Amino acid sequence: EVQLVESGGGLVQAGGSLRLSCAVSGFSFDDHAIGWFRQAPGKEREGVSCILSSDVTDYIDSVKGRFTISRDNAENTAYLQMDNLKPEDTGVYYCAECRVIVTTTTRINPIPLGSWGQGTQVTVSS
């Protein structure tokens, strides 16, 4: 069974940092692009960042320079280091396989391998 388990969320003040983890099992982690997605209450889920199997990384404009995605293939884990957090970053963060579409801007779309997991809550206070 494919499982993606997110952890590392919490409550921080604006300007603070969090590091999210995505532990993956049930498929060949090394061969897949893994991304982070977030959803605020009442809003659509949006892709935030994606790291390809080649280690190429992509980010949406609003998080560039603040977030860093990485992966450890030996541990089957992806990470999202979030620095200088803003209240607008608040939401439930999920991980999933990702696809990057670049036109005039960068879009990150999910390719769910199954049902979305529980995610991890990130709350940034002002």
Side-chain angles (χ1 to χ4, degrees):
E1 179 183 358
V2 175
Q3 289 189 325
L4 298 91
V5 181
E6 303 91 346
S7 62
L11 173 63
V12 298
Q13 294 183 343
S17 298
L18 287 171
R19 185 172 184 256
L20 308 184
S21 297
C22 172
V24 177
S25 63
F27 72 99
S28 299
F29 179 83
D30 296 9
D31 298 329
H32 294 266
I34 302 297
W36 287 94
F37 304 80
R38 66 188 180 189
Q39 186 169 25
K43 296 184 178 180
E44 296 182 356
R45 181 163 47 209
E46 65 173 346
V48 175
S49 184
C50 182
I51 182 167
L52 309 186
S53 60
S54 64
D55 285 342
V56 172
T57 59
D58 291 279
Y59 306 87
I60 57 173
D61 289 343
S62 62
V63 308
K64 287 181 179 177
R66 299 190 298 118
F67 291 9
T68 304
I69 190 170
S70 61
R71 64 192 297 161
D72 186 339
N73 290 342
E75 298 294 331
N76 286 356
T77 303
Y79 304 94
L80 186 68
Q81 177 67 43
M82 304 185 295
D83 298 319
N84 192 24
L85 283 161
K86 303 176 179 180
E88 64 186 15
D89 296 318
T90 294
V92 179
Y93 283 68
Y94 306 88
C95 58
E97 188 177 2
C98 52
R99 174 191 297 137
V100 179
I101 302 173
V102 179
T103 54
T104 57
T105 187
T106 297
R107 293 185 179 182
I108 299 169
N109 294 332
I111 309 174
L113 299 174
S115 300
W116 291 97
Q118 292 296 308
T120 185
Q121 176 71 48
V122 171
T123 303
V124 184
S125 62
S126 61

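Please read these numbers as outputs of a predicted model, since none were measured by experiment. Counting begins at 1 with the first residue of the sequence.
Counting only distance, with no hydrogens or angles, the side chain of S49 and the backbone of Y59 share no donor-acceptor pair below 3.5 Å.
Between W36 and F67, every side-chain heavy-atom pair lies at or beyond the 4.5 Å cut-off. At a threshold of 4.5 Å between non-hydrogen side-chain atoms, the residues P110 and W116 count as touching. Side-chain atoms of R38 and V122, non-hydrogen and from C-beta on, never get closer than 4.5 Å to each other.
Rounding to the nearest 0.5 Å gives a distance of 9.5 Å between CD1 of I69 and SG of C95. In this structure, SG in C50 is found 15.5 Å from CZ in R107, a value given to the nearest 0.5 Å. Note that the OG atom of S70 and the CG atom of D55 stand 9.0 Å from one another [nearest 0.5 Å]. Put simply, OG on S7 and CD on Q118 are 13.0 Å apart, with the number rounded to the nearest 0.5 Å. Put simply, OG on S25 and CG on L4 are 7.5 Å apart, with the number rounded to the nearest 0.5 Å. A distance of 8.5 Å separates CD of E44 from CD of Q39, quoted to the nearest 0.5 Å.
The two residues A78 and I34 come nearest to each other via the heavy atoms CB-CG2, 3.8 Å. Scanning both residues, N76 and F29, for their nearest heavy atoms gives OD1-CB, 3.6 Å. In plain terms, the two heavy atoms of F37 and I108 that are nearest each other are CE2-O, 3.6 Å. Taking both residues in full, the closest heavy atoms of T120 and G9 are given as OG1-N, 2.9 Å, listed atom of the first, atom of the second, then distance. When all heavy atoms of T106 and V102 are compared, the closest pair comes out as OG1-CG2, 4.1 Å. Considering every non-hydrogen atom in both A33 and L52, the closest pair reads CB-CD2, 3.7 Å.
A salt bridge does not link K86 with D89: none of the charged nitrogens is closer than 4.0 Å to a carboxylate oxygen.
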*Are V124 and E88 close enough, and set up right, to give a side-chain contact (heavy atoms from CB on, under 4.5 Å), and what steps lead you there?*
CA-CA 8 Å; V124 184; E88 64 186 15; over 6 Å; no

*Passes side-chain contact (heavy atoms from CB on, under 4.5 Å), L20 versus E6? Steps please.*
CA-CA 7 Å; L20 308 184; E6 303 91 346; over 6 Å; no

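Cluster membership for V100 and I60, using ILVMFWY side-chain heavy atoms within less than 4.5 angstrom, is shared. If you chain together hydrophobic residues whose side chains sit under 4.5 Å apart, I51 and L18 fall into the same group. The same ILVMFWY cluster, assembled from side-chain heavy atoms under 4.5 Å apart, contains both V92 and V12. Both V2 and V24 belong to a single network of hydrophobic side chains, linked directly or stepwise wherever heavy atoms of I, L, V, M, F, W or Y lie under 4.5 Å apart.
Below 30°, between 30° and 60°, or above 60°: for F27 and H32 the angle between ring planes is above 60°, a perpendicular geometry.
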